[in-house]
Engineer: 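Before anything else, here's the structure in question.
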Amino acid sequence: LSNPTSDPTIKLVEPPSSPLTEPFWDATRDRRLLLQWCRACEQAIFYPRESCPQCLSDDLEWREAAGTGTVYAVSVQHRAGPGRDEADGPYAVALVDLPEGVRLMTNVVGGAPDEVAVGQPVRVHWHPLADGRHLPFFERT
Amino acid sequence: MPPTSGTSGGPGGERTLRGRAAIVGVADAASPTGELELSGRALEAAMVREALDDAGLTLADVDGVCYAGMATGIAEYLGIHPRFIDGTMVGGSSYELHVEHAAAAIAAGLCDVVVSVYAATPRSDRKRGKPGGFGPQPGPNPMMEWELPYGLRLPMGAYALAASRHMAMYGTTSEQLAQIAVSTRQWATLNPRARYQDPITIDDVLASPMQSSPLHLLDCCLVTDGAGAFVMTSADRARDLAKPPVVVLGAATCGDHQMISQMPDLATTAGAVSGPAAFAMAGVTPGDVDLLMGYDSFTITALLHLEDLGFCAKGEGGAFVEDGRLGPGGAFPMNTNGGGLSYTHPGMYGMFLIAEAVRQLRGEAGARQLDGPEIAVAHGSGGVLSTMGTLVLGTEATL
């Protein structure tokens with residue numbers, strides 16, 4: 001079963017990185033998913049910040065995530081969104097809840113996009129970027 | 001309506017804004033073609049002139065300016081030297097926040113007469129080849145890094161995610177969302193300025209092209225030119241002006257995110273905070289409301305307002321709208337101008353909620369006039385369900 005968004009040649013906007021987020025993106029070169037954690041209040045943080053949005057502590061560190069998640073919400077884009085090519089076809093954009101307690105936006109690939117549903121378990125699927133980094137997609141398990 | 005007990009407001013719990021200020025002039029511009037002749041400052045100036053005429057005031061009376069952007073530009077253009085400036089820019093609900101802030105400024109004596117104005121002509125701009133659009137600012141920022149690579153269409157995709165969540169949580173159906181578009185279009189058939197005036201059916205909505213699932217084309221607001229303005233002053237001064245004043249009974253704001261991936265609960269908006277706060281300030285309950293002007297950027301947006309403001313219970317919005325009660329002759333009229341779905345939507349639609357609420361409360365709404373409404377709610381939603389501004393507006397008899 002093929003899905004256009006699992007194709008490394010699909011067109012998309014490659015994410016910029018900053019000194020703050022470089023550890024995250026460097027880890028994706030080895031297909032590892034890192035999350036920022038606050039050592040003061042033991043909360044995972046997403047998106048990465050300079051200080052904890054719960055307690056404002058700047059005592060933060062990167063820890064590897066399990067790489068699993070659950071679909072929280074999903075919408076199939078029937079027309080190409082920003083940076084995408086209409087020829088690549090419809091694709092599923094989802095919000096995925098990670099067991100670490102954070103939610104992130106992603107594409108769920110593998111299988112027909114219309115079959116992605118709220119509540120489904122998913123795991124990370126690394127989409128290669130031109131510069132050697134990977135973009136975290138998810139696939140159904 | 002007499003105040004009951006102090007449940008909101010400032011120190012000591014008094015309702016600090018209730019009945020202190022009034023909307024005394026309104027204007028809005030839209031066309032069935034979706035396009036307007038004027039644009040830019042010229043269109044803004046026309047709206048200000050029309051709203052001041054409506055109020056029986058002149059530019060010389062104005063000493064306060066609200067503008068969703070650099071307020072100094074329009075103030076300079078019009079020759080206003082404002083004592084009060086509010087540049088609040090939170091997207092489409094900016095104008096509900098302007099009313100709240102202007103009411104506070106007038107109540108505190110910072111100024112006497114405030115004007116807020118808006119004009120946008122995205123439809124004409126596109127024809128002229130001018131760039132537009134809704135999305136992230138260029139350069140490194142969280143949205144570029146964590147959302148944009150995934151190709152979500154904005155703003156519609158964000159609302160589609162909310163609809164997806166609401167459907168999964170509460171069993172809300174595409175048919176129920178479509179009914180909101182159908183009822184709103186029924187109102188638009190009574191508005192000669194509405195962009196779309198032909199009735200539609202639920203089947204029409206479901207047969208319109210899927211955009212970002214589960215939202216179809218007819219679940220989405222229009223892209224039109226449009227403009228509007230309002231004028232506010234103190235409740236005392238309002239009594240001597242051209243038209244019956246529409247008093248601000250309650251006003252409240254709440255925002256809980258900017259990016260959709262940071263929204264705490266996609267099935268519950270910050271309107272669940274701003275709504276009850278505005279009602280408490282006004283001393284009214286949802287059952288007292290004769291008209292809801294609820295920002296309908298998408299059908300799901302309006303459904304969330306119905307629940308979050310307490311017109312029905314959380315999760316019951318779908319069943320609430322099913323019998324067509326939102327439309328003409330229905331038990332709970334909503335968006336009598338035809339809404340963002342069928343009347344006009346130039347990008348930041350909140351101004352039109354205020355204009356229609358005022359016209360209905362004055363009895364000026366023509367073929368779509370409700371029978372003697374006394375309390376109207378204008379509830380704006382800005383960004384991607386990000387910032388909610390709730391206004392409870394009333395006739396003078398409600399004071």
Side-chain angles (χ1 to χ4, degrees), chain A residues 4-5 10-22 24-25 46-49 53 71-86 88 90-97 102-109 113-114 116-120 127 129 133-138, chain B residues 133-172 174 208-217 219-220 256-268 298 300 384-385:
Chain A
T5 51
I10 64 154
K11 278 183 63 181
L12 53 75
V13 176
E14 301 214 347
S17 67
S18 67
L20 169 71
T21 60
E22 238 160 51
F24 177 95
W25 292 112
F46 195 85
Y47 50 90
R49 291 161 165 87
V71 175
Y72 174 81
V74 59
S75 172
V76 177
Q77 310 305 294
H78 288 259
R79 299 273 310 277
R84 299 299 179 109
D85 190 332
E86 211 74 61
D88 288 328
Y91 52 97
V93 180
L95 299 177
V96 167
D97 283 339
V102 298
R103 181 180 302 152
L104 44 78
M105 186 174 285
T106 190
N107 293 141
V108 177
V109 300
D114 276 323
V116 181
V118 173
Q120 285 172 345
H127 179 84
L129 299 175
R133 295 182 299 159
H134 291 81
L135 185 64
F137 284 0
F138 281 73
Chain B
F134 182 106
Q137 299 298 307
N141 64 57
M143 196 171 178
M144 290 288 289
E145 200 165 353
W146 307 111
E147 286 197 349
L148 196 63
Y150 298 106
L152 186 71
R153 297 180 68 192
L154 285 174
M156 112 184 5
Y159 292 83
L161 287 168
S164 146
R165 186 67 191 170
H166 200 277
M167 287 176 163
M169 290 287 288
Y170 303 115
T172 307
S174 288
S208 66
M210 188 68 88
Q211 298 293 315
S212 293
S213 72
L215 299 180
H216 304 80
L217 183 65
D219 285 302
C220 304
D256 62 8
H257 64 283
Q258 176 163 280
M259 289 155 53
I260 194 65
S261 56
Q262 296 285 310
M263 184 172 178
D265 175 354
L266 265 76
T268 304
F298 300 88
I300 183 65
V384 286
L385 294 168

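We use all heavy atoms of the structure for the numbers below, so side chains are in, but hydrogens, waters and symmetry mates are not.
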Engineer: Can you find a pair of side-chain heavy atoms, one from A:Y91 and one from B:L152, that are under 4.5 Å apart?
Structural biologist: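 No - every pair of side-chain heavy atoms lies 4.5 Å or more apart.
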Engineer: Looking at CZ of A:R103 and OG of B:S261, how far apart are the two atoms once the value is rounded to the nearest 0.5 Å?
Structural biologist: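 It comes to 9.0 Å.
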Engineer: Return the NE2 to CG distance between A:H78 and B:L217, rounded to the nearest 0.5 Å.
Structural biologist: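 These two atoms lie 13.0 Å from each other.
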Engineer: Just by modelled atom types, is the B:P149 backbone N or O under 3.5 Å from a matching donor or acceptor in the A:R84 side chain?
Structural biologist: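 Yes: the side chain of A:R84 pairs with the backbone of B:P149.
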Engineer: Indicate the atoms forming the closest heavy-atom contact of B:E145 with A:P15, along with that distance.
Structural biologist: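 Residues B:E145 and A:P15, closest heavy atoms: O-CB, 3.5 Å.
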Engineer: Within a strict 4.5 Å, meaning less than it, do heavy atoms of the B:L154 and A:P82 side chains meet?
Structural biologist: no
Engineer: With only heavy atoms counted, which part of A:A80 is less than 4.5 Å from chain B, the side chain, the backbone, both or neither?
Structural biologist: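 When you check distances to chain B, only backbone atoms of A:A80 fall under 4.5 Å.
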Engineer: Is it the backbone or the side chain of B:M169 that comes under 4.5 Å from a heavy atom of chain A, or both, or neither?
Structural biologist: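 Neither the backbone nor the side chain of B:M169 comes within 4.5 Å of chain A.
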Engineer: Quick one: which of B:L161, B:I260, B:L215 gives a side-chain contact (heavy atoms from CB on, under 4.5 Å) with A:S75?
Structural biologist: B:L161
Engineer: B:S213 pairs by side-chain contact (heavy atoms from CB on, under 4.5 Å) with which of A:V116, A:V76, A:V93?
Structural biologist: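 Single side-chain contact (heavy atoms from CB on, under 4.5 Å) partner of B:S213 among A:V116, A:V76, A:V93: A:V76.
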Engineer: Out of A:V13, A:L12, A:L135, which residue meets the side-chain contact (heavy atoms from CB on, under 4.5 Å) rule with B:Y150?
Structural biologist: A:L135
Engineer: Would you indicate whether the side-chain heavy atoms of A:M105 and B:W146 approach each other to under 4.5 Å?
Structural biologist: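 The answer is no, as the side chains (C-beta and beyond) never meet within the 4.5 Å cut-off.
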Engineer: For B:S212 and A:Q77, which heavy atoms make the closest approach, and how far apart are they?
Structural biologist: OG-OE1, 2.7 Å
Engineer: Mind checking the OG1-CD spacing from A:T106 to B:E147? Nearest 0.5 Å is all I need.
Structural biologist: 11.5 Å
Engineer: Tell me if the CD atom of B:Q258 is crowded by more than 12 foreign heavy atoms within 6.0 Å.
Structural biologist: no
